[in-house]
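Data block below; observations after.
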Number of protein chains: 2
Amino acid sequence: MQAEIITIGDEILIGQIVDTNSAFLGKEFNKYGISIYQITSVQDDKAHILKAIEEAEENADIIIITGGLGPTKDDITKLTICEYFNDSLVEDKAVLENVEQIFSKYSAAPLLEVNKQQALVPSTAQVLMNYNGTAPGMWLERNGKVFVSLPGVPYEMKALITEQVIPKLRAKFKFPYIMHKTLLTYGLGESALAERIENWENHLPVFIKLAYLPSLGRVRLRLSAKAAERTVVEKEIEKQINLLLPQIEDVFVGYEEDESIEAVIGHQLTEKGLTLATAESCTGGNIAKLITANAGASTYFKGSVVTYATEAKIKILKVSERDVHTHSVVSKAVAETMARNVRTLFDTDYGISTTGNAGPDKGDSDAEVGTVWIAIATKDKIYSEVFNFGNLREKVIGRATNKAFEMLQKEITKKHKKK
Amino acid sequence: MQAEIITIGDEILIGQIVDTNSAFLGKEFNKYGISIYQITSVQDDKAHILKAIEEAEENADIIIITGGLGPTKDDITKLTICEYFNDSLVEDKAVLENVEQIFSKYSAAPLLEVNKQQALVPSTAQVLMNYNGTAPGMWLERNGKVFVSLPGVPYEMKALITEQVIPKLRAKFKFPYIMHKTLLTYGLGESALAERIENWENHLPVFIKLAYLPSLGRVRLRLSAKAAERTVVEKEIEKQINLLLPQIEDVFVGYEEDESIEAVIGHQLTEKGLTLATAESCTGGNIAKLITANAGASTYFKGSVVTYATEAKIKILKVSERDVHTHSVVSKAVAETMARNVRTLFDTDYGISTTGNAGPDKGDSDAEVGTVWIAIATKDKIYSEVFNFGNLREKVIGRATNKAFEMLQKEITKKHKKK
């Protein structure tokens with residue numbers, strides 16, 4: 001039982017957008033035992049779309065088509081699918097109502113004829129109601145195969161997949177159990193690692209695949225297993241990992257979780273009833289933004305002060321002018337004052353701060369581009385560390401943010417252990 | 001003259017990584033007039049790779065294959081390409097030297113047999129030396145078609161493409177001139193926009209394609225033209241834009257020069273010597289984060305207060321408790337106080353604020369999920385607007401952020417016009 005993804009849109013082929021939909025689909029489908037055989041990205045071109053669907057139908061039982069469902073002339077997916085199925089378009093009343101509702105609720109613009117046409121669907125299609133947009137999802141079947149057409153807007157597509165497509169697929173087909181387990185290793189090259197575990201790898205059962213994913217000083221080892229029975233898969237993966245671990249003890253650092261570190265921090269803080277505030281300079285709000293992207297953040301996150309200008313650090317976070325003059329604004333003293341005072345200002349358990357120079361030019365400080373101080377304040381203590389994250393702005397902001405989360409998580413876990 | 005991209009690796013199909021290589025290739029190739037016909041992502045599986053190359057060869061003259069060139073067992077691209085060309089592997093001395101150099105320079109690990117095998121290449125391949133890694137790029141030709149195999153590591157692939165592949169392709173083929181010009185519009189839905197410019201769109205010459213790219217409250221209009229002569233393309237695009245602009249004057253905000261609205265705002269503020277501070281609630285630091293992603297932001301951006309908790313709004317931004325009780329924390333009164341007081345706090349020309357409910361649960365307010373107030377304060381005035389951005393957290397944050405930028409840019413431009 002395999003699936004194929006077809007993503008439609010010139011913007012993908014000219015590189016105007018990165019196709020993140022396919023990665024989402026791959027991950028979600030794998031959770032439920034649905035393998036993706038191929039991902040194909042094609043232009044908004046009728047002949048090409050028809051050919052792609054035809055080829056996908058040869059290889060797969062489930063064909064997921066995203067994109068090209070907008071109301072404007074360049075979007076031709078619906079008409080093309082209609083042609084593929086020798087079908088004709090009919091108006092779906094429920095979709096029309098949904099379109100009207102979306103317009104009356106969210107749009108100041110009048111409902112145009114072209115918007116109403118969003119309610120036209122192939123007569124043999126089952127509608128997957130899209131409550132987040134005007135283009136409905138469509139589910140068609142032929143010779144036991146399923147064709148699903150979804151809008152390309154990521155949040156519309158995601159909601160349709162998790163709420164409607166996957167439940168419907170699971171009701172229709174029986175999927176095997178797929179499990180991926182990824183081990184993080186640091187400090188050994190992929191070929192040295194491969195040589196060391198060669199014997200183990202050669203004796204893996206056929207239904208387990210091993211992949212080496214090297215990236216900037218670390219190698220991820222991914223074990224993938226697929227079988228009809230969940231228990232078989234889980235037992236065998238566990239057995240193989242138990243055989244592997246003693247051989248890589250010195251370089252193994254943990255398993256790769258699906259969850260971001262800020263989500264993990266959120267769970268920990270919620271569970272312990274602890275709170276957090278952040279004071280950001282060089283990270284410019286990125287830490288707060290990532291924390292608040294998680295639903296329920298208001299339980300543990302009280303807020304942030306982004307003191308980009310030095311005078312704001314002095315005025316709002318009571319950084320001392322003398323420290324700024326003596327040590328510069330990128331310094332241990334300033335970072336620690338920021339963390340301490342933001343914790344007091346928001347009255348939280350943890351305060352975390354960043355001050356650094358993200359480049360490309362030196363800012364209010366003489367510190368070398370890439371220098372970042374990160375401080376953590378708790379009720380009992382304040383400490384900080386300094387890093388150099390190189391000279392690409394995006395990289396400095398990203399790495400400073402990750403490092404701040406890493407330090408915070410260590411601190412929370414420490415506290416946790418003590419209790 | 002068309003190209004196809006084949007990306008190889010299970011990690012793409014299971015969604016463990018997002019395929020950013022394809023977007024890079026699409027963008028780079030388009031710059032030089034090379035259209036991408038299709039992008040195909042396939043598993044590390046011999047039969048599947050062979051089939052994908054065969055199909056690509058039917059459609060395209062240039063086939064770019066990335067990934068699967070590592071030294072470990074799971075990477076089989078090189079052997080598969082060798083089979084496709086009925087060729088055999090031979091050791092390339094220069095590649096071997098490169099591998100040895102990389103190991104002696106960057107690696108503490110000994111050079112293993114498996115690393116030396118990176119120097120084996122199909123006998124008919126031209127080597128594209130990879131100075132950033134041990135897997136060489138390979139260039140093969142058959143029946144006038146070009147096949148290029150490249151490592152999947154993004155920075156290795158990118159260097160090979162820009163430094164070697166594109167120059168070699170341009171020496172071998174003559175490409176037409178391709179031009180994309182993208183206009184940013186805010187505040188009018190894609191269908192309303194399409195209706196307004198329908199007549200213009202219907203009279204576009206056949207070699208110009210128009211696409212509507214809607215995203216979180218804004219619509220990008222992309223014009224794409226392709227012709228043998230650069231001057232023809234440039235002249236026609238200019239002519240069409242001159243016809244279009246008067247019709248979209250009220251919603252047009254600028255061209256996308258790979259430039260975001262926050263970057264445009266940054267230029268405008270810098271030029272006028274004006275400054276900005278933000279007070280964010282539901283956007284959680286996202287506005288500040290996007291502003292500070294731009295180099296030079298410290299010239300015009302003084303900082304932000306992310307008052308996620310109601311008590312922080314009261315304490316730091318002096319929101320009145322009575323307003324919170326009477327109007328709720330998601331209200332015109334609270335938004336306007338936040339904007340006014342953050343402007344005073346940071347002593348800036350503009351203050352902008354957001355307060356809303358991003359969901360999924362109602363927070364400190366009874367406002368419906370998706371409700372967001374956005375306020376702008378200047379020296380002379382304060383005003384605000386209310387929106388409902390739906391009930392998906394990611395969408396509410398994204399649309400509120402974009403709308404705040406849109407309102408701010410209109411305000412800055414207004415000021416500009418008056419002068």
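By convention in this document, chain letters (A, B, ...) are assigned in the order of the sequence lines, proteins followed by strands, and residues within each chain are numbered from 1. Everything numeric here is computed off the predicted structure, so don't read it as measured data.
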> Distance only, no hydrogens: is a donor on one side chain within 3.5 Å (strictly under) of an acceptor on the other, for Gln16(B) and Thr182(A)?
Replying inline: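 Looking only at side-chain atoms, Thr182(A) and Gln16(B) do form a donor-acceptor pair, the distance falling under 3.5 Å.
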Heavy-atom cut-off 4.5 Å, strictly under: side chain, backbone, both or neither for [X] against chain A?
X: Glu201(B); result: side chain
X: Ile14(B); result: both
X: Glu195(B); result: side chain
X: Phe389(B); result: backbone

Interface residue of largest heavy-atom contact number with chain B, from [options], under 4.5 Å:
options: Ala295(A), Pro154(A), Ala194(A), Gly303(A); result: Ala295(A)
options: Asp75(A), Val18(A), Thr72(A); result: Thr72(A)
options: Gly359(A), Gly9(A), Gly189(A), Ala288(A); result: Ala288(A)

> Between the side chain of Arg393(B) and the main-chain N/O of Thr292(A), is any donor-acceptor distance below 3.5 Å?
Replying inline: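 Answer holds: yes.
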> Quick one: does Glu311(B)'s side chain have a donor or acceptor within less than 3.5 Å of a partner on Asp347(A)'s backbone?
Replying inline: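 Not a single qualifying donor-acceptor pair exists.
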Side chain, backbone, both or neither: which part of [X] has a heavy atom under 4.5 Å from chain B?
X: Ala52(A); answer: neither
X: Tyr37(A); answer: both
X: Glu55(A); answer: side chain
X: Asn202(A); answer: side chain
X: Lys302(A); answer: both

Once rounded to the nearest 0.5 Å, what's the spacing between atom [atom1] of [X] and atom [atom2] of [Y]?
X: Asn59(B); Y: His48(A); atom1: CG; atom2: NE2; result: 6.5 Å
X: Leu392(B); Y: Lys158(A); atom1: CG; atom2: NZ; result: 10.0 Å
X: Leu345(B); Y: Ile316(A); atom1: CG; atom2: CD1; result: 3.5 Å
X: Ser191(A); Y: Leu112(B); atom1: OG; atom2: CG; result: 5.0 Å
X: Lys73(A); Y: Glu198(B); atom1: NZ; atom2: CD; result: 4.5 Å
X: Leu13(A); Y: Asn30(B); atom1: CG; atom2: CG; result: 9.0 Å

Taking NZ, NE, NH1 and NH2 as the nitrogens, is one of them in [X] or [Y] under 4.0 Å from a carboxylate oxygen of the other?
X: Lys289(A); Y: Glu280(B); result: no
X: Glu58(A); Y: Lys51(B); result: no
X: Lys209(A); Y: Asp74(B); result: no

>> Just so I know, are the side chains of Asn132(A) and Asn391(B) near enough to count as touching, which here means a heavy-atom distance under 4.5 Å?
In response: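 Contact flag for Asn132(A)/Asn391(B) side chains = yes.
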